[in-house]
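Computed from a predicted structure; not experimentally measured. Here, residue 1 is the first one in the sequence, and each next residue gets the next number.
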Amino acid sequence: MAQRIATQVVESLRKGTPPQRGVDLYSVGNEKLIAGIKKFHLSGIEEKGIIRFISGSWGAGKTHFFRLLREVAFQNNCLVSNVQLDKAAALNKFESVFYSILRNISTRSYLTENEAAPFGQVLKESLAYLSTGNCKVSNEVSYEDYVKAREALILDRSIDIDFKKMIQKYWETFLPESPDLALQEQNRAEILQWFSGEGSVAMYRKRFEVNKIVNKDNAKLMLQSLAGFVRLSGYKGLLILFDEAEQAYSIMRKSSLRDAHNNLLSLINNIEALKGLFLIYATTPDFFTDPQTRNHNLWSFRRTNRQARATTSTESIRYYLEF
């Protein structure tokens, strides 16, 4: 595995494209900062949720730093989701952000498994872990192993009941008596669509006996369920990397901007209750200083909390250890 990743890094750099894996093999200058994140944040992710901010101008290296953090998270038994905050995943519509978190979630093995649906890989690894004690997946699961995993899932009170039902339905597609492969794949795709808010309640109620779909009214509850499920599945937690798109806030209407800031402030105020989640938000200095885009409640919150800064080797990205 290490040799293959090293080869991929060399080939990608030779072509002038950023490698998908192995950033830690050639990145330098961030050692002290990474050590601090491991010690003060990743080590305590199971006890409480955490949110931190990265501030840097465009081209300062935030995306590269995120790739490095992803490798560090994988090495510390965490899942990672990299979310681009743009029109498709706008913070003023939190349900769209949740959908993007699910679509982009990945395990350490995902990039080498050629899995079409990243969250599908997470569900497969969770079934393997809860039934056998390790994450080595199989295309077929015994009924006894399925029952063992299902019972552990049912007993977890931190996960929404319909969230549990859809996970169980996904697991059932790996039982020996499941339909042919094409029908299995169709069922799995439809189940994953539920997590992305696609389709109607009536359709899912008839097929899977659930009473709701993921929408704007329950997206934050579903994020809490996701955090609980990640911990149940043997991972230390989930690192969510929010990468703010250029001009993401400047093109918003005032009402949308207010909704976005309120959703962000809600995350900050409630993050400690979301055990297993580590959120890092990358933005530009304008987010804090531009009077047209900054939220005064958010700004006041920042000013009244102790703040420590650690600067990367580029002297242009600032990581807020306290917020």
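For Ser233 (side chain) and Ser126 (main-chain N/O), no donor-acceptor pair under 3.5 Å exists by modelled atom type. Listed for the Asn262 side chain is no donor-acceptor partner under 3.5 Å among the backbone atoms of Leu265. With Asn76 contributing its side chain and Lys38 its backbone, the two residues share no donor-acceptor pair below 3.5 Å.
Note: the hydrophobic cluster containing Leu175 also contains Leu123 (ILVMFWY, side chain heavy atoms under 4.5 Å, direct or indirect links). Hydrophobic clustering keeps Leu238 apart from Leu221 (ILVMFWY residues linked when any side-chain heavy atoms are closer than 4.5 Å, directly or through intermediates). When hydrophobic clusters are built by joining Ile, Leu, Val, Met, Phe, Trp and Tyr residues whose side-chain heavy atoms come closer than 4.5 Å, directly or via intermediates, Met203 is grouped together with Val201.
For Glu198, the CD atom is densely surrounded, since the number of other residues' heavy atoms within 6.0 Å is greater than 12. In this structure, Tyr99 places its OH atom where more than 12 heavy-atom neighbours from other residues, nucleotides or ligands lie under 6.0 Å away.
Phe53 and Ile268 make their closest contact through CZ-CD1, 4.1 Å (heavy atoms, listed as atom of the first residue, atom of the second, distance). The two residues Phe74 and Cys78 have their closest heavy-atom pair at CD2-O, 3.4 Å. Contact detail for Ser96 and Arg103: the closest heavy-atom pair is O-NH2, 4.5 Å. The shortest non-hydrogen separation linking Ile45 to Lys236 is CG2-CG, 3.2 Å. Shown here for Leu91 and Asn263, the closest heavy-atom pair between the two residues is O-ND2, 2.8 Å. A pairwise comparison of heavy atoms in Tyr235 and Cys135 identifies OH-SG, 4.2 Å as the closest pair.
When the side-chain hydrogen bond (donor to acceptor under 3.5 Å, both in side chains) test is applied to Tyr204, no partner is found at least two apart in sequence or on another chain. In terms of the ring-ring contact (aromatic ring centres under 6.0 Å, His included) criterion, residue partners of Phe163 (sequence neighbours excluded) are, by chain and number, Phe195. With sequence neighbours excluded, the residues forming a side chain to side chain contact (heavy atoms under 4.5 Å, CB included) with Leu241 are Phe66, Leu69, Val80, Asn82, Leu239, Ile280, listed by chain and number. Residues satisfying the side-chain hydrogen bond (donor to acceptor under 3.5 Å, both in side chains) test with Gln75, not counting sequence neighbours, are Asp24.
For the pair Glu244 and Tyr281, the minimum side-chain heavy-atom distance is below 4.5 Å. Between Thr283 and Asp243, every side-chain heavy-atom pair lies at or beyond the 4.5 Å cut-off. A heavy-atom distance below 4.5 Å is found between the side chains of Phe229 and Val122. Using a 4.5 Å heavy-atom threshold, the side chains of Thr284 and Ser57 count as separate. At a threshold of 4.5 Å between non-hydrogen side-chain atoms, the residues Leu257 and Asn92 do not count as touching. Within the 4.5 Å cutoff, the side chain of Arg205 has heavy atoms near those of the Asn211 side chain. Contact of the Phe278 side chain with the Ile240 side chain is not registered, since no non-hydrogen atoms from C-beta on lie closer than 4.5 Å. Residues Val141 and Trp171 are not in side-chain contact: their nearest non-hydrogen atoms beyond the backbone lie 4.5 Å or more apart.
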Under 3.5 Å donor-acceptor pairs involving side-chain atoms of residues 143-155, not counting sequence neighbours:
| residue | atom | partner | partner atom | Å |
| --- | --- | --- | --- | --- |
| Asp145 | OD2 | Ser142 | OG | 3.3 |
| Tyr146 | OH | Glu172 | OE2 | 2.9 |

Candidate pair Gln121 and Thr107, rule side chain to side chain donor-acceptor pair (under 3.5 Å), full reasoning
CA-CA 7 Å; Gln121 181 70 16; Thr107 69; 4.6 Å; no
Set out, in order, the CA-CA distance, both residues' side-chain angles and the distance that settles side chain to side chain contact (heavy atoms under 4.5 Å, CB included) for Ile50 and Leu279, then state yes or no.
CA-CA 6 Å; Ile50 303 168; Leu279 279 59; over 6 Å; no
Show, in sequence, the C-alpha distance, side-chain angles and deciding distance for Tyr170 and Arg188, and conclude whether the side chain to side chain contact (heavy atoms under 4.5 Å, CB included) test is met.
CA-CA 6 Å; Tyr170 194 89; Arg188 290 169 190 166; 3.4 Å; yes
Determine, stepwise, if the pair Asn104 / Ser100 fulfils side chain to side chain donor-acceptor pair (under 3.5 Å).
CA-CA 6 Å; Asn104 293 288; Ser100 187; 3.1 Å; yes
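Between the CG atom of Leu267 and the CG atom of Leu277 there is a distance of 9.0 Å, given to the nearest 0.5 Å. The distance from the CD1 atom of Ile167 to the CD1 atom of Ile191 is 10.5 Å, given to the nearest 0.5 Å. Atom NE2 of His41 is separated from atom CD1 of Ile34 by 11.5 Å, given to the nearest 0.5 angstrom. Rounding to the nearest 0.5 Å gives a distance of 8.5 Å between CG of Leu102 and CG of Leu192.
The list of side-chain hydrogen bond (donor to acceptor under 3.5 Å, both in side chains) pairs with a residue in residues 158-168, not counting sequence neighbours, reads Asp156-Ser158, Asp160-Lys212, Asp162-Lys212.
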